[in-house]
Amino acid sequence: MQTFLERSRFMPDQIQPHQSILANGTRVSVIDAGIIEFAPAHYNPSEIRHIVLSCGVHGNETAPIEMCSDLVEALLTQSITPKVKVQFQFANLAAMNIGERFVDVNMNRLFDGMHEHYKSCPEALRAKQLEQYTRQFFAECHNRDRKFHYDLHTAIRDAKYPRFAVYPYLDGKPYSRQQMNWLASAGIQAILLSHNPTTTYSYFTSKHCDAHAFTVELGKVRAFGQNNREDFTQSDVFLHDLITDDTFDPDSEETPLLFDIAQTILRETDSFELHFADDTPNFTRYQRGDVLATATFDDKQSRQYPVLADEEAIVFPNASVAVGQRALLTVVEIGLHDLELI
Ligand SMILES: [Zn+2]
C-alpha cells in the first residue's frame with residue numbers, strides 16, 4: 001500500500017480532489033498531489049485551530065517530509081484523531097524526486113507574488129498554487145490566534161543551534177510570547193527576527209493570512225531514510241500534540257536565543273568569495289572588522305563585507321547562489337526585553 005506522499009510523488013495524475021469521512025468521523029479532503037487536509041467530524045470554523053504544516057519547499061530537506069508523511073498516514077489509518085483542522089503540504093514534489101533542493105529556482109524566494117516573474121518554471125507554478133491553497137484554508141477563520149503555519153525545513157550545513165526558526169517581518173505587529181514558548185517546546189534553540197519583507201512562504205502567510213507563521217529549520221539535510229529520527233523527537237512530539245490536542249499550549253521554561261538580522265549580503269557579481277570554510281557552522285560568531293566576504297567587479301574594483309557590530313554570527317552562507325541573490329545573513333544576539341511581546 002503506497003502512502004499519500006508516494007502516490008503524490010510518483011503518480012500525481014492519479015490524485016483527484018475528493019472528500020471522505022473515516023470511521024472515526026475524521027473528515028479528509030484530498031486537494032491536490034501533495035496537499036491533504038484533516039478535520040474533526042464537527043467543528044465551528046471560527047473556534048477551531050487552523051494549522052498548515054508545509055514541508056519539502058526544498059526537495060532534499062527530507063526529515064520534515066518524513067515526519068509529515070508519518071502524521072498523514074497515522075491520521076488516515078486512524079491511529080491518531082485530529083482535534084484541529086490541519087492541512088499538510090508536500091511542496092516541491094519534482095525536486096524530491098531528483099533529490100535536489102529545487103528543479104529550476106529556489107521556491108522559498110517565490111512567494112508573495114514573486115512567482116509571477118518566473119512563470120515557466122515548476123517552482124513558480126507550485127508556489128502560486130500553495131499561496132491559493134493557504135489563502136483558502138485560512139479564509140474561514142478570522143482569529144489570528146487560531147491560525148498557524150509552520151514551514152518545515154532542514155539547513156544545508158551544521159549549526160551551533162541545529163534547530164532554529166525565522167520569525168518573519170511583522171510590520172508593527174507584536175511578537176507572540178506564546179509562539180516562542182511553542183517553538184521552544186518543539187526543541188527550537190534560536191529564533192531569527194526578520195525586519196524586512198521577504199519572498200519566503202512564512203512571510204506570505206504572516207502577511208496575507210494574518211497567521212502566526214514561521215520558517216522552522218530542524219537539523220541538517222540528509223537523503224530520505226538517512227535521518228536519525230531520534231534527533232527530531234521533540235519536534236515530532238510537538239506536531240503530534242498540536243494536531244491531537246486542541247488545548248495544547250506548552251509553557252516552556254527555556255526561551256530560545258533571539259537574534260536580530262544585522263546584514264543581508266547579496267552575491268553582487270560572479271566573483272564573490274566567502275572568507276570562511278564551506279563547512280563553517282551556522283551561528284559561528286565573528287568580531288567587528290572581520291571580513292566575511294569579498295566581491296570583485298568587472299572594472300577590477302573590489303568590495304569587502306566586514307562585521308559591523310561588535311559581534312555578528314553568520315547564517316545561511318551560500319556563495320553559489322545566483323547573482324543578485326542572498327549569499328549570507330549575519331545576526332546579532334538580543335534579549336527578550338528588547339522586544340514588544342503579547
Ligand atoms: Zn529549506
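Both counts, for ligands and for their atoms, begin at 1 and track the order of listing.
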Quiz item: Is there a donor-acceptor contact under 3.5 Å linking the side chains of D210 and H142?
Solution: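 No.
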Self-check item: S69 side chain vs I65 backbone, donor-acceptor pair below 3.5 Å
Solution: no
Self-check item: T244 side chain to H240 backbone, donor-acceptor under 3.5 Å
Solution: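 The answer is yes, because a donor-acceptor pair under 3.5 Å joins these two groups.
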Quiz item: Do the numbers put R146 on top of the ring of Y43, so that NZ or CZ is under 6.0 Å from the six-membered ring centre and no more than 45° off the axis?
Solution: no
Self-check item: Under-2.8 Å neighbours of the Zn ion (ligand 1), protein N/O/S atoms only
Solution: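 There are 4 of them.
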Quiz item: Has K128 got more than 12 heavy atoms of other residues, nucleotides or ligands less than 6.0 Å from its NZ?
Solution: no
Practice problem: Please write out which residues are connected to Y133 in a hydrophobic cluster, directly or through intermediates, given that two of Ile, Leu, Val, Met, Phe, Trp, Tyr count as joined at side-chain heavy-atom separations below 4.5 angstrom. | Solution: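 Besides Y133, the cluster holds I31, I35, V57, M107, F111, L130, Y201, F204.
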